[in-house]
Every structure is written in C-alpha cells, then in structure tokens.
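Letters go in sequence order (proteins before strands), and every chain restarts at 1.
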There are 2 protein chains.
Amino acid sequence: MNLDEELKEFILHGYRHYIPHVSIDCAIFGYHERQLKVLLIKHKFLDGWCLPGGYIKRTEKLVEAASRNVKERTGIDGLFLQQFKTFGDPKRMNLEEFDEEKWFALTGVRMNRDNWLIDQTISIGFYSITDFSLTVPQPGIMAEDCAWFDIHEIPVLEFDHDEMVKEALHTMRVQLYHYPIGYNMLPEKFTLAEIHSLYETLLGKKLDISNFPKKLIALGLLKKTAEKRKIGAHRSPHLYRFDKLCYENALKEGLVLS
Amino acid sequence: MNLDEELKEFILHGYRHYIPHVSIDCAIFGYHERQLKVLLIKHKFLDGWCLPGGYIKRTEKLVEAASRNVKERTGIDGLFLQQFKTFGDPKRMNLEEFDEEKWFALTGVRMNRDNWLIDQTISIGFYSITDFSLTVPQPGIMAEDCAWFDIHEIPVLEFDHDEMVKEALHTMRVQLYHYPIGYNMLPEKFTLAEIHSLYETLLGKKLDISNFPKKLIALGLLKKTAEKRKIGAHRSPHLYRFDKLCYENALKEGLVLS
C-alpha cells in the first residue's frame with residue numbers, strides 16, 4: 001500500500017497542527033421515510049467498521065472540528081450537532097496490539113512506539129441528524145468506504161464505538177424532549193403525520209398521535225400554512241412549517257416537551 | 001513560596017503519570033434546607049476562584065478521575081456524578097499570558113514553554129450533588145482555599161469556568177427530569193414537602209406541589225413508610241423513603257418525569 005504524502009505527513013508530524021491525546025467521533029444519524037440509519041466508515045488500517053472521526057486542529061473549537069468532520073463525510077454544512085459524551089478508558093484503544101513491523105511492512109512508513117498517534121486518546125462524541133437521502137457519503141483519506149447502516153443492522157464496531165452509538169442514541173432520544181429537531185429531515189412544508197413519524201422513528205417507539213405535534217404547535221415551533229396536500233379521495237391534511245425564529249431560540253434556550 | 005516536593009514533581013514530570021492535554025473540572029453542587037451552593041477553590045497561582053479539577057491518571061477511566069477529585073475536595077465517596085460537557089477552545093487558557101520568569105521568581109521551579117502543563121488543554125466537565133452540610137471542603141496541594149458559594153453569589157471565575165457552571169446547572173436541571181436525584185441530599189426518611197423543596201431549589205423555580213412527588217411515587221421511586229413526623233398541632237405528614245433498587249435501576253436506565 002502506498003500512502004499519499006498528505007497521510008504520511010499527518011502520521012509523522014500531525015501533532016504540530018492537531019492536539020495530541022484527544023480525538024472526536026461523530027455518530028451521524030440519518031432519517032428518511034420512517035428509517036433511521038447511522039453513517040459508518042471502513043478505516044484503511046482496521047478490519048471492521050467504526051464511526052467517522054478525527055483530530056482537533058490547534059486553532060479549532062471542539063464543535064468546529066466536529067462540524068468539519070460531519071461536513072467532510074456527508075457533504076452537508078451546518079447540521080444540528082450536539083456533544084453527547086467524552087470517552088476515556090485506558091483500555092479503549094488496544095494500544096498494546098500495535099505492531100511496528102507489521103505497520104511498516106504494510107505502509108512503508110516508520111511509526112514508532114513514541115509516535116503521537118500511539119498513545120492514550122480521549123474521544124469526544126458528537127451526534128448529528130440529517131436526511132440520509134440528501135447525502136453523498138465521502139470516505140476521506142483515512143477510510144476505504146463510508147456508508148449508511150440501518151440502526152437495527154449495525155455490525156460490531158471497532159474500539160468502544162458500539163458503546164458510543166448506544167450513548168449517542170440515548171442522548172438524542174432524551175434531547176428530543178428538550179431541543180427542536182426536524183429542520184434537516186422534513187421537506188419545508190409537511191403534514192402532522194410526517195413529523196409524527198419522524199419523532200416515532202427517532203424515539204424508536206409508538207407515540208400518541210395527538211400529542212407531540214400539538215405540543216410543538218403550542219410552543220410556537222410549528223405554524224399551519226394555508227396549503228393542503230391531497231393524499232386520498234377525502235383526505236387533504238394541512239401542511240405545516242417550522243417557525244425559524246422560534247426554532248432557533250428553542251435550540252439556544254432549550255424547551256420542555258412534557 | 002516554597003513548593004513541596006510532591007507539587008514540584010507533578011509540575012516537572014506529571015506527564016509520566018497523567019494524560020497531557022486533558023483535564024477534568026468538577027461543578028460540585030451542594031443542597032441544604034432550600035439553599036443551593038457550588039464548591040470553589042482558590043488556586044495557589046491564580047488570583048481568582050475556579051472549579052476544582054485535575055488531571056487523569058493514565059490508569060484511570062474519566063469517571064474515576066472525577067470521582068477521586070470530588071472525594072478529595074468534599075471528603076465524601078460515591079456521590080452522584082455525571083459528565084455534562086467537554087470544553088476546548090484555543091483561547092480558553094490564556095497561555096500567551098504565562099510568564100516563565102515571573103513563575104520562576106515566585107516558585108523557584110523552572111517551568112519552560114515546553115512544559116507539559118503549558119499547552120492547550122481540553123477539559124471534561126462533571127457535575128455532582130451532595131448535602132453541603134455534611135462536607136468538609138479540602139483545598140488539596142494546588143489550592144490555598146476551598147469553600148461553598150451560594151449559587152446567586154458566585155464571583156467571576158478563572159478561565160471558562162463561568163460558562164462551565166452555567167452549563168453544569170443547565171444539564172443538571174434537564175437531567176432532573178431523567179434521573180432520580182436526592183439520595184445524598186435528604187435524610188433517610190423525609191416528607192413530600194421536603195423532596196418538593198429539594199426539586200424546587202435545584203430547578204430554581206416554583207413547582208406544582210402535587211406534581212413532582214406524585215410522579216416519583218407512581219414510578220415506584222418513593223415508598224410511603226408507616227412513620228409520621230409531628231410538625232404542628234394538627235399536622236403529622238407521612239414520611240417517605242427511596243426504594244433503593246428502583247432508584248438504582250432508574251439511574252442506569254433513565255426515566256421520563258413527564
């Protein structure tokens with residue numbers, strides 16, 4: 001395998017531009033028509049799949065590093081992004097399994113025991129949500145593949161990433177009660193049935209049909225439009241849209257959907 | 001100022017035992033009789049107050065480092081402890097203000113620009129809650145004072161610790177709806193009015209008296225005991241206690257108080 005110069009430089013001298021010992025990992029959830037998926041990458045130097053992630057530039061805030069990563073993998077800028085947990089366990093990386101000679105034979109790059117990448121790393125988990133049908137997954141220089149997996153068909157992941165997905169999903173479900181979520185996952189105008197399906201799919205459980213959307217309307221997040229959509233001989237439900245100002249305020253201040 | 005050998009060794013060679021570039025900071029909240037406080041330390045080498053914190057031993061999980069720190073400062077083991085957010089901004093430490101000569105004159109210890117402590121540090125925030133009347137605050141080797149401050153009378157803190165307190169308080173208030181909290185802050189048996197006061201004080205707002213405790217009872221977290229407490233000529237409310245098994249399960253699984 002021939003590593004390109006960019007990757008070689010990153011491995012040997014990345015610590016000059018990135019903070020050592022700290023990485024970010026991103027659980028990017030994708031929703032479309034009642035399906036919930038998560039974006040995984042197949043790393044060039046690992047057997048299994050894992051969450052996309054990377055290091056933090058010395059000039060970046062954490063959320064900027066995560067945002068850059070999410071944009072690089074999905075092609076979409078400005079997605080909802082939220083820290084969920086930071087992971088740090090001396091055993092999370094299996095560093096003792098690293099084989100200098102095997103690595104050299106594989107890549108032609110000398111990566112010694114004192115290389116900045118071969119040391120304990122704390123990883124900060126972010127989660128994001130988007131409409132997967134609008135994305136074009138990009139592996140980037142570290143991976144050979146990048147693809148959406150249904151939430152019920154995730155393979156066993158590398159490192160502690162199984163736990164990360166579980167925790168990300170848990171936090172996302174708790175935060176659904178405290179942040180407005182939906183902007184990137186529904187068309188600009190949508191029916192109450194559509195936003196109800198979105199919440200049911202994200203929460204992974206049935207909801208009282210009359211409940212969630214009504215609360216969103218009561219909070220001013222949803223506005224009824226004059227338009228209707230004809231979905232049957234006698235069914236033409238009203239279309240709704242998010243109130244952008246109210247939505248952004250709720251993102252900042254939080255809300256209590258209870 | 002004469003630094004003791006332990007502190008000198010930590011400054012010069014701490015990176016051998018602790019992970020560089022990563023620290024933890026703990027917002028330890030204290031409750032007692034309708035008062036909410038936060039524990040602050042006055043660092044030996046800083047002018048202002050800040051949250052207690054420290055580094056992570058290379059053999060520790062994050063929560064173990066936080067737990068060690070909380071125990072060292074409060075004298076109490078096994079407190080409720082929860083990550084709330086990780087902070088990393090290139091500007092959060094004011095590293096360019098560090099003056100090698102001033103430091104040497106002050107301490108007699110040569111701390112160069114390449115010292116492991118003089119570089120960007122990401123900090124993982126944990127929050128904890130206890131009954132402040134049961135604690136004996138301990139400054140430890142890095143601080144000259146450690147004391148409880150009322151939540152409404154917190155001075156301007158060092159670094160980004162004002163933001164940390166704000167975020168910790170926000171997360172704690174959100175999580176009150178998802179985790180049972182109270183074990184370390186109420187006597188073993190208590191009245192519904194007492195747990196109601198606890199929730200009101202932690203949330204910083206008035207609650208419908210009939211609401212919160214009833215939900216906790218409905219969830220099986222609170223059990224009525226046969227005992228009553230005489231608090232007036234015609235008032236002897238029943239005492240309640242937490243159901244330990246149910247409480248611990250709710251801590252693991254989360255709950256929805258809504």
Worksheet item: Does B/F87 have B/K85 sitting over its ring (NZ/CZ under 6.0 Å from centre, angle to axis within 45°)?
Response: yes

Worksheet item: Which is it for A/R34 and A/S197 under the side-chain hydrogen bond (donor to acceptor under 3.5 Å, both in side chains) test, yes or no, and what are the steps along the way?
Response: CA-CA 6 Å; A/R34 290 189 162 270; A/S197 291; 3.0 Å; yes

Fill in: Reported CG-to-CD1 distance for the pair B/L46 and B/I41, which is rounded to 0.5 angstrom
8.5 Å

Report, one line per pair, each donor and acceptor closer than 3.5 Å where one atom sits in a side chain of residues 10-22 of chain B; sequence neighbours left out.
residue : atom : partner : partner atom : Å
B/H13   : ND1  : B/E9    : OE1          : 3.3
B/H21   : ND1  : B/Q120  : O            : 3.0

Discussion item. Is B/F84 in contact with chain A via its backbone, its side chain, both, or neither, using a 4.5 Å heavy-atom distance?
Written reply: neither

Discussion item. Which atoms of B/E60 are under 4.5 Å from chain A, going by heavy atoms: the side chain, the backbone, both sets, or neither?
Written reply: backbone

Practice prompt. Kindly indicate, with the supporting measurements, whether the criterion side-chain hydrogen bond (donor to acceptor under 3.5 Å, both in side chains) is fulfilled by B/Y127 and B/Q83.
Written response: CA-CA 6 Å; B/Y127 81 89; B/Q83 262 192 43; over 6 Å; no

Response to the item:
Against chain A, residues from residues 157-170 of chain B with at least one heavy atom under 4.5 Å, in numeric order, are B/H170

Worksheet entry | Proximity breakdown for A/T59 and chain B, heavy-atom pairs closer than 4.5 Å | backbone

Discussion item. Could you check whether any side-chain heavy atom of B/F126 comes within less than 4.5 Å of a side-chain heavy atom of B/Q82, counting everything from C-beta outward?
Written reply: no

Worksheet item: How about A/S23 and A/T121: does a side-chain donor come under 3.5 Å of a side-chain acceptor?
Response: no

